[in-house]
Colleague: 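For reference, the structure I am asking about is given below.
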Amino acid sequence: MRSSYKKIFFVLFLGFVVFAFIGYRELTVPNLADSSTVVTFEIKSGASVISISEKLVRSGLINNASWFRIYTKVTGKDKNIKSGTYKIKGGMNLMQIADYITANNQEVFFHPNKISIPEGLTLEQIEDKFISAGLATKKEIEQVFYDKEFIYEHTGLNAKSLEGFIYPKTYYYEDEIDLKDFLIQYPLKEFMKEYANYINDESFYKNLILASIVEKESGTKDEKPIVASVFKNRMKNRMTLSSCATHNKIFYQRGQKPPKILLNKHLEIMSPYNTYKNQGLPPTPICSPAKDSYEAVIANVNTDYLYFFADFKGKNIFSTSYKEHNRKKKSSWNSSHLR
């Protein structure tokens, strides 16, 4: 009898050892050993762990679908799998692959396409980037960029265009994504997240317009609140903003490159973006500003400055009067030409 128990125990123990050995091998030994091989692996939104595990087997990345399901279930990773397209290198074992597709670090999360939108780009410049990336045609882009219903639905604001709402950032996105889906999932979602604490303010859109001007007119981050104060002071004194940046928007709208220096003939152009002729803010933002430009506007820094000009060294020089402004411009010009 005791001999029978020993045999049963031995069989069970042997079975456990074999099971553990197989499990260890399936979990830790890469099925695809060649580290120079890269497999593009797509996980669609809503895909089950069963379908993902079977697809991993078909892709040659793992050997056994059941072990993938067991590992992700035991570790709780089955609830954290993220949809998207991944570049999975050979040499990764089952556990590493599971960690890779469930990582919280968004830099690990991979989409094959990339588009970078720097701060300060106008809607027309962003349009060119979208066309180059193959997101849509010019006609399709313009239909969405100026679709007031779409803009209101996804921002809650009655704006004439998406100018200012396409949050500047680098985005990775999946193949064959629809333009509206791209905007909703990426730059508009990012915009709403970044401005969540401000967007319900009744002055939000006006602040965004001014932030876009501050973005284009500032040389450094530190001087943004000062630049904002100049424009606020000018409006308080019923002066025009007289911003070259808003005027340049006219040329972008025409598909032209803005001139390096605005001439008198340029200042006579009839446009709501001609802030040399028109008082107050232009009707829309003139670019996609960085968040710190918006924060510079609402910081409400108090100064007496009414004028400034670029010193062509990356900064601005500020003045409280037109006489002082001209004197500083002349001095700056003379010193730059004496070198």
Side-chain angles (χ1 to χ4, degrees), residues 11-117 129-130 132-136 154 167 169-190 192-193:
V11 170
L12 290 173
F13 178 74
L14 185 62
F16 174 78
V17 170
V18 171
F19 179 81
F21 174 76
I22 293 172
Y24 176 80
R25 186 185 63 190
E26 295 292 346
L27 293 174
T28 63
V29 178
N31 194 55
L32 187 62
D34 185 1
S35 60
S36 64
T37 301
V38 177
V39 176
T40 301
F41 188 81
E42 183 182 8
I43 300 175
K44 294 186 177 179
S45 180
S48 67
V49 178
I50 293 174
S51 67
I52 293 168
S53 64
E54 291 173 349
K55 189 174 180 181
L56 283 167
V57 172
R58 292 196 301 273
S59 301
L61 290 165
I62 65 173
N63 182 57
N64 190 296
S66 296
W67 278 105
F68 180 85
R69 295 197 289 270
I70 292 169
Y71 176 74
T72 54
K73 181 69 175 177
V74 170
T75 58
K77 292 181 183 294
D78 58 327
K79 298 180 178 65
N80 297 319
I81 295 174
K82 296 178 174 65
S83 62
T85 305
Y86 297 83
K87 295 289 188 184
I88 301 179
K89 293 182 178 181
M92 292 178 71
N93 61 37
L94 185 151
M95 292 190 295
Q96 290 170 327
I97 291 171
D99 292 344
Y100 185 63
I101 64 176
T102 58
N104 289 322
N105 181 357
Q106 290 299 315
E107 291 181 358
V108 171
F109 187 45
F110 180 86
H111 278 311
N113 305 297
K114 172 184 174 182
I115 189 167
S116 295
I117 304 171
K129 276 187 165 285
F130 280 18
S132 297
L135 277 166
H154 296 286
Y167 194 81
K169 190 177 178 179
T170 296
Y171 298 100
Y172 295 88
Y173 59 97
E174 57 270 39
D175 288 331
E176 299 177 3
I177 190 171
D178 175 79
L179 174 62
K180 285 187 176 181
D181 287 339
F182 171 80
L183 290 167
I184 294 165
Q185 292 179 36
Y186 299 107
L188 291 181
K189 182 179 179 180
E190 195 70 18
M192 297 303 288
K193 182 183 78 173

Colleague: Given the rule in the side chain to side chain contact (heavy atoms under 4.5 Å, CB included) test, do Thr102 and Lys82 qualify, once you have shown the distances and angles that lead to the verdict?
Modeller: CA-CA 6 Å; Thr102 58; Lys82 296 178 174 65; 5.5 Å; no
Colleague: Which heavy atom of Gln96 sits nearest a heavy atom of Gly91, and at what distance?
Modeller: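 Looks like OE1-O, 3.7 Å.
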Colleague: Would you name the heavy atoms of Asn64 and Val57 that are closest together and state the gap between them?
Modeller: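 Heavy atoms of Asn64 and Val57 come nearest at C-CG2, 4.0 Å.
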Colleague: Locate the shortest heavy-atom distance separating Ile62 from Ser53; write the atom from each residue and the value.
Modeller: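 Minimum heavy-atom contact is CD1-O, 3.8 Å.
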Colleague: Given side chains that start at C-beta, do those of Met192 and His154 come closer than 4.5 Å, heavy atoms only?
Modeller: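 In short, these two side chains do not touch, never coming nearer than 4.5 Å.
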Colleague: Using 0.5 Å steps for rounding, measure from the CZ atom of Phe41 to the CD1 atom of Ile52.
Modeller: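 These two atoms lie 6.5 Å from each other.
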Colleague: Identify the two heavy atoms, one from Thr170 and one from Ser116, that lie closest to each other, and give their separation to 0.1 Å.
Modeller: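 Looking at all heavy atoms of both residues, the shortest contact is OG1-OG, 2.9 Å.
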Colleague: For Lys169 and Pro187, indicate whether the former's side chain and the latter's backbone hold a donor-acceptor pair under 3.5 Å.
Modeller: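 Pair absent, no side-chain N/O of Lys169 close to backbone of Pro187.
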Colleague: State whether the number of non-hydrogen atoms from other residues, nucleotides or ligands found under 6.0 Å of Lys77 atom NZ is greater than 12.
Modeller: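 Counting neighbours around NZ of Lys77, more than 12 heavy atoms of other residues, nucleotides or ligands fall under 6.0 Å, so yes.
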Colleague: Can you name the nearest heavy-atom pair linking Asn31 to Gly60, along with the distance?
Modeller: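 That would be ND2-O, 3.0 Å.
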Colleague: Could you check whether any side-chain heavy atom of Leu183 comes within less than 4.5 Å of a side-chain heavy atom of Phe130, counting everything from C-beta outward?
Modeller: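 Yes, side chains in contact.
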Colleague: When rounded to the nearest 0.5 angstrom, what is the spacing between CD in Gln185 and CD1 in Ile177?
Modeller: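 Those atoms lie 4.5 Å apart.
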Colleague: Give a yes-or-no answer on whether the side chains of Thr37 and Lys89 include a donor-acceptor pair shorter than 3.5 Å.
Modeller: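 Lys89 and Thr37 do not have a side-chain donor-acceptor pair below 3.5 Å.
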Colleague: For Glu54, what residues pass the side chain to side chain contact (heavy atoms under 4.5 Å, CB included) criterion, not counting sequence neighbours?
Modeller: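 Only Ile50, Arg58, Ala65, Arg69 meet the side chain to side chain contact (heavy atoms under 4.5 Å, CB included) criterion with Glu54.
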Colleague: To the nearest 0.5 Å, how far apart are CZ in Phe182 and CG in Asn113?
Modeller: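 Going from CZ on Phe182 over to CG on Asn113, the span is 9.5 Å.
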Colleague: In Å, rounded to the nearest 0.5 Å, how long is the span from CZ of Phe68 to CD1 of Ile101?
Modeller: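 So the CZ of Phe68 and the CD1 of Ile101 are separated by 4.0 Å.
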Colleague: Rounded to the nearest 0.5 Å, what separates atom OH in Tyr167 from atom NZ in Lys193?
Modeller: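 Rounded to the nearest 0.5 Å, the OH-NZ separation comes to 8.5 Å.
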Colleague: What's the separation between atom CG in Asp99 and atom CG in Leu94, rounded to the nearest 0.5 Å?
Modeller: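 Between atom CG of Asp99 and atom CG of Leu94 there are 9.5 Å.
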Colleague: Mind checking what makes salt bridge (charged side-chain N to carboxylate O under 4.0 Å, His left out) contact with Lys79, not counting sequence neighbours?
Modeller: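 Applying salt bridge (charged side-chain N to carboxylate O under 4.0 Å, His left out) to Lys79 gives none.
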Colleague: Set out, in order, the CA-CA distance, both residues' side-chain angles and the distance that settles side chain to side chain contact (heavy atoms under 4.5 Å, CB included) for Ile115 and Tyr186, then state yes or no.
Modeller: CA-CA 11 Å; Ile115 189 167; Tyr186 299 107; over 6 Å; no
Colleague: Does Asn63 form a side chain to side chain contact (heavy atoms under 4.5 Å, CB included) with Glu26? I'd like the steps, not just the answer.
Modeller: CA-CA 7 Å; Asn63 182 57; Glu26 295 292 346; 3.0 Å; yes
Colleague: For residues Tyr173 and Leu135, report the shortest heavy-atom separation together with the two atoms involved.
Modeller: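 Smallest interatomic distance, heavy atoms only, reads CE1-CD2, 3.7 Å.
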